[in-house]
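These notes are about the structure you will find just below.
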Protein chains: 2
Amino acid sequence: MVNLDLNKLPVARADMVVNPCAACSVRDLSICSVLDEDELQQMSEIAANLQFSPHDPIIDEGEAADFLFNVTGGTVRLYKLLPDGRRQITGFLTNGDFLGIALNDNYTYSAEAVDQVNVCRFPRKKLESLLDQYPHLEKRLLGVASNELVQAQDQMMLLGRKTAKEKIVSFLLSLSKRQTAIGRAASPVALPMSRSDIADYLGLTTETVSRTFSLLKRDQSIRIQEGGMVALPDIDHLTELADGY
Amino acid sequence: MVNLDLNKLPVARADMVVNPCAACSVRDLSICSVLDEDELQQMSEIAANLQFSPHDPIIDEGEAADFLFNVTGGTVRLYKLLPDGRRQITGFLTNGDFLGIALNDNYTYSAEAVDQVNVCRFPRKKLESLLDQYPHLEKRLLGVASNELVQAQDQMMLLGRKTAKEKIVSFLLSLSKRQTAIGRAASPVALPMSRSDIADYLGLTTETVSRTFSLLKRDQSIRIQEGGMVALPDIDHLTELADGY
DNA sequence: TCAACCCAATGATGCAGGTCAATGCGTCGT
DNA sequence: ACGACGCATTGACCTGCATCATTGGGTTGA
């Protein structure tokens, strides 16, 4: 469940050997970036690379939490359901994010592939013994979890107190920030998820999401480009909109 | 910001010496329960016991995060503000909860006393060196943070997808669960916070909170007792109401 | 090539919960 | 004892977003 904020990743300390992750091929972003050669070796022997297609379930709420995942490609949605089918998406995970860090015996949320997804899967038992061996790993995980908590609180503010327009703008800005951090071109934001995913993430309906996008287009606050990319011409203006100045 | 779920506290391992916390007088609930005599000695030398009256600020968003707190009495509200004054309360902390665990340099939320509050305050620098010395502490903190994340996701579901009635009932049930875990009498729930605190926690207005309480009273779903305590006569029924069956 | 879908967009209408306003009740200070 | 104040409750009304319904474009597969 932990959603790694790339902006706040603790920089690998000089005395650590920073390696590409042999198992999952994500350099410097994954858990592997704090492992040395021996540890990496141990990890890659037990890791599995898996692929998922759009809508494939990755984990189901309630099932035994035997694995930890590292997203290495594509976008994953985390969500919870109410008995009558109402859905709340609690986060989108992309390249480098961890999935399944929680220490519970069972997953407390479900995860599905939004688009074509690659993950690197480790048995959690193995990770736990690694944690005992290498305490600095624990510190890093604590940092990851702590960043997740900060984001969760921002999301509570968004869900509880922001208007539809503020929600959409906040969402676009957070995507932009994250995609910029990962190193894609800053300007146009990719939206791999559907309107209904966005709605369930922001506590709205698809219709309201759609209408709000139209509104922002009319405003010239955003521009839709070919391929569904969204350009954000004036970040400062949007930043004010996001907090309702 | 970390809100300790007493149900899920890792039980102190047999090989740890479990002590009362000399500095803050909360037994078995606080960080001190995983320290041995020497560590406790170190801690109590640098800890301060502080008292706060209703509405007193405890920490302000943005200020340097130099301290970590352990709540030892009363109720604390954590919140964030939008520029126009809209407030989202992200959690209420009570006996045994930690405040300020996040690893950022500055607090990302504010905290105030709801009623008469006691806390035990440690310099964070000192805690960090303790963390380096005693890695099991880190594991425990990771467990605390991970439980917090689970709760945060439940709160997102509540804020994004539940009705006013479901929100209030969910809130009462979570208070009941927590107060029962702490060991108070199970049945009547104490509500130290105001209607407007509840509203800002649940993404509602004070009027809607008030009306919804009246509704639940009419239903016989809850009963108000002297001293503002709320009795929950049928937990199973309420549990269904909370998830909108 | 053309159904059968799925998804986005948009219009018409409804309603849950927000806003505004009035009342009442404790509590506190003088 | 009494005004001033903060908080809870309740009523009347309003509105932002939900709901319901229609259209159209893009994709899939027979």
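Chain letters run A, B, ... following the sequence lines, proteins first and then strands; every chain starts at 1. The figures here come from the full heavy-atom set of this structure, side chains too, leaving out hydrogens, waters and symmetry mates.
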To the nearest Å, give me how far apart [atom1] ([X]) and [atom2] ([N]) are.
X	N	atom1	atom2	result
A/L215	C/dA8	CG	P	18 Å
A/I168	D/dC17	CD1	P	11 Å
A/M193	C/dA8	CE	P	12 Å
A/E226	D/dG25	CD	P	20 Å
B/H55	D/dC5	NE2	P	16 Å
A/D200	D/dA18	CG	P	11 Å

Quick one: are [X] and [Y] in side-chain contact, heavy atoms under 4.5 Å?
X	Y	answer
A/Q153	B/K80	yes
B/I224	B/K217	yes
B/R86	A/T163	yes
B/R218	B/L216	no

For nucleotides 9-19 of chain C, give me one character per nucleotide, 5' to 3': B if any protein heavy atom sits under 4.0 Å from the base, S if the only such contacts are to the sugar-phosphate, - if neither.
BBBB----SSB

Taking all atoms of both residues into account, what is the closest heavy-atom pair of [X] and [Y], and its distance?
X	Y	answer
A/R87	B/R161	O-NE, 3.0 Å
A/G73	A/N95	N-OD1, 4.0 Å
A/A111	A/Y79	N-CE2, 4.3 Å
B/V114	B/P192	CG1-O, 3.6 Å
A/K165	A/L241	CE-CD1, 4.1 Å
B/K167	B/L158	CE-O, 3.3 Å

Cation-pi geometry met for A/R195 and A/F213 (6.0 Å, 45°):
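So A/R195 does make the cation-pi contact.
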
Would you work out how much the helix from C/dT1-D/dA30 to C/dT30-D/dA1 bends between its ends, with each end axis defined by five base pairs, to 10 degrees?
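The end axes of the helix from C/dT1-D/dA30 to C/dT30-D/dA1 are about 40° apart, to the nearest 10°.
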
Please list each protein N or O that sits under 3.5 Å from an N or O in nucleotides 26-28 of chain C, with the distance.
none

